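Note that the structure is predicted; figures quoted are calculated from it, not measured. In what follows, residues are counted from 1 in the order of the sequence shown.
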Amino acid sequence: MRGRFGPPPPDGGPRLQRADRTGPRTGRPTLPGPATEVVTLPSGVRVEQLVTGIGEPVTVFAHGLAGDISGTRPLGSGVAGRRVFFHFRGHGRSDVPPGPWSFADLTAELRGVADLAGATRALGVSMGAAALCRLLGETPERFERVVLYLPAVLDGKRPAVAVDRLERLLASVESGEAAMIADAVESELPPAVRNTPAGWSYLRQRVEQLQRDGLAVELGSLWERPALEDESLLRAYRGRALVIGCLGDEVHPVTWAERLAELLPGAELEVFDRPSVLWNSRRELRDRISDFLNH
């Protein structure tokens, strides 16, 4: 194990324990998140997961690059049945195997979590959507329904702004300084939300999570190869797909969401009219996802 600040301790606790660690020292502390568990996948990799809800169907949620379980939970708040949220390698309390990494690794983890849970539906965000696309390319019959939210490109050619954002975030996390992390994370917030109670609450939670768990530097190696070499493999998918994009997002160009909707037979395409959809159109987004997955 390498790439963060040492391997996780035996009890699965925080990886980031710095003598000079700084953090918010005033104000109300953030509430603790729900209890998660660490499960071992058939590959031997251990991943952190959270299971909510009961009954069928079972839906697995795959977060985006540098994302976390708390960031994907709002997307499933209206989804019926059991919901399984997890952290890919290098995030949260999940393992940090030696690098470099590839989307084959992420896809194996997504498949492993889905198989253990008996999931028949899946939702992927950005990087998670790219891993889900690779899984569909390998086994097009695996899921009955899928949602691809702000999908990342599959050819490995990421926008320069996405590369710069990750490098800046990794450097800030490595510093351990709350102010540096907050400065890097603030770009995730739409300008109208910054300096508001909701914005400060989100920023505080993200800073504490990244200080506690860290973020693996190996994540930068993921796009050295395409997520899916042959995009035409997606045409074999026979389930139902919903692709969600938005206008004005430099990291997730709407043209790629449109391209995916063309590749997946009979896919539904939903395009929101401005970025930061979870902030600007949260209710509409949740309703669209739940309506699709619940029927």
Side-chain angles (χ1 to χ4, degrees), residues 52 59-80 83 85-88 91 121-133 145-154 158-159 161-166 169 184-206 209 227 240-264 267-295:
T52 66
T59 306
V60 62
F61 293 77
H63 64 79
L65 181 65
D68 58 14
I69 289 172
S70 65
T72 51
R73 287 191 69 194
L75 302 175
S77 60
V79 175
R83 300 173 294 276
F85 306 88
F86 76 100
H87 281 139
F88 283 112
H91 298 79
R121 303 176 181 204
L123 180 148
V125 181
S126 189
M127 177 189 76
L132 179 53
C133 283
R145 292 178 184 243
V146 297
V147 177
L148 303 166
Y149 173 55
L150 301 181
V153 296
L154 299 182
R158 301 167 65 211
V161 64
V163 177
D164 293 342
R165 184 176 296 183
L166 177 61
L169 182 59
V185 170
E186 191 176 29
S187 63
E188 301 174 13
L189 294 170
V193 175
R194 299 171 191 174
N195 295 320
T196 67
W200 281 112
S201 176
Y202 170 82
L203 196 62
R204 188 181 186 86
Q205 179 187 41
R206 280 284 282 158
Q209 185 267 321
R240 293 191 57 191
L242 170 64
V243 183
I244 302 176
C246 70
L247 300 174
D249 190 324
E250 296 178 302
V251 177
H252 309 97
V254 69
T255 53
W256 179 239
E258 295 168 343
R259 168 69 175 157
L260 268 186
E262 293 175 356
L263 288 167
L264 292 162
E268 301 175 32
L269 175 64
E270 184 79 26
V271 176
F272 286 83
D273 59 5
R274 53 180 175 166
S276 301
V277 182
L278 260 176
W279 287 99
N280 294 320
S281 306
R282 176 171 294 211
R283 176 174 295 181
E284 294 87 345
L285 176 63
R286 291 188 302 189
D287 288 348
R288 185 68 177 93
I289 291 171
S290 59
D291 286 346
F292 177 78
L293 289 175
N294 290 347
H295 297 92

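Cation-pi geometry between Arg83 and Phe61 is not met at under 6.0 angstrom from the ring centre and within 45 degrees of the axis.
One finds the CG atom of Leu148 at 6.5 Å from the CG atom of Leu264 (value rounded to the nearest 0.5 Å). Distance check: Ser187 OG to Leu169 CG gives 8.0 Å after rounding to the nearest 0.5 Å. Note that CG of Asp287 is 11.0 Å distant from OG of Ser281, once rounded to the nearest 0.5 Å. Between Glu268 atom CD and Arg288 atom CZ the span is 5.0 Å, to the nearest 0.5 Å. Once rounded to the nearest 0.5 Å, the distance linking CE of Met127 with NE2 of His91 reads 4.5 Å. Note that CG of Leu123 is 5.5 Å distant from CG of Leu75, once rounded to the nearest 0.5 Å.
Partner Tyr149 forms a side chain to side chain contact (heavy atoms under 4.5 Å, CB included) with one of Thr72, Leu242, Leu278, Leu132 and no other, that one being Leu278.
Residues forming a side chain to side chain donor-acceptor pair (under 3.5 Å) with Arg158 (at least two apart in sequence, or on another chain): none. Applying the side chain to side chain donor-acceptor pair (under 3.5 Å) test to Ser126 and every residue at least two apart in sequence or in another chain returns His252. With sequence neighbours left out, the side chain to side chain donor-acceptor pair (under 3.5 Å) criterion links Glu186 to no other residue. Partners of Ser276 according to the side chain to side chain donor-acceptor pair (under 3.5 Å) rule, which considers only residues two or more places apart in sequence or in another chain, do not exist here. Partners of Glu258 according to the salt bridge (Lys or Arg N to Asp or Glu O under 4.0 Å) rule, which considers only residues two or more places apart in sequence or in another chain, do not exist here.
The main-chain N or O of Phe292 is found under 3.5 Å from a side-chain atom of Arg145 such that the two form a donor-acceptor pair.
Between Gly248 and Pro275, the closest heavy-atom pair is O-CG, 3.7 Å. For the residue pair Val243 and Pro151, the shortest heavy atom distance occurs at CG1-CG, 4.3 Å. Scanning both residues, Ala257 and Leu269, for their nearest heavy atoms gives O-CD1, 3.9 Å. Scanning both residues, Val271 and Cys246, for their nearest heavy atoms gives CG1-CA, 4.2 Å. The two atoms that bring Ile69 and His87 nearest to each other are N-NE2, 3.0 Å, heavy atoms only. When all heavy atoms of Phe88 and Ala131 are compared, the pair lying nearest together is CZ-CB, 4.3 Å.
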(request) Would you please test Asp68 and Arg206 for side chain to side chain contact (heavy atoms under 4.5 Å, CB included) and show each step? (result) CA-CA 9 Å; Asp68 58 14; Arg206 280 284 282 158; 4.0 Å; yes
(request) Any chance you could lay out the side chain to side chain contact (heavy atoms under 4.5 Å, CB included) test for Val147 and Thr59, step after step, and finish with the verdict? (result) CA-CA 10 Å; Val147 177; Thr59 306; over 6 Å; no
(request) Report the C-alpha distance between Gln209 and Ser70 in whole Å, list the side-chain angles of each, state the deciding distance to 0.1 Å, and finish with yes or no for side chain to side chain contact (heavy atoms under 4.5 Å, CB included). (result) CA-CA 10 Å; Gln209 185 267 321; Ser70 65; over 6 Å; no
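For residues 268-291, the ring pair (Phe, Tyr, Trp, His ring centres under 6.0 Å) pairs, not counting sequence neighbours, are Tyr202-Trp279.
Looking at Asp249 and Val254, their side chains never come closer than 4.5 Å, going by heavy atoms from C-beta outward.
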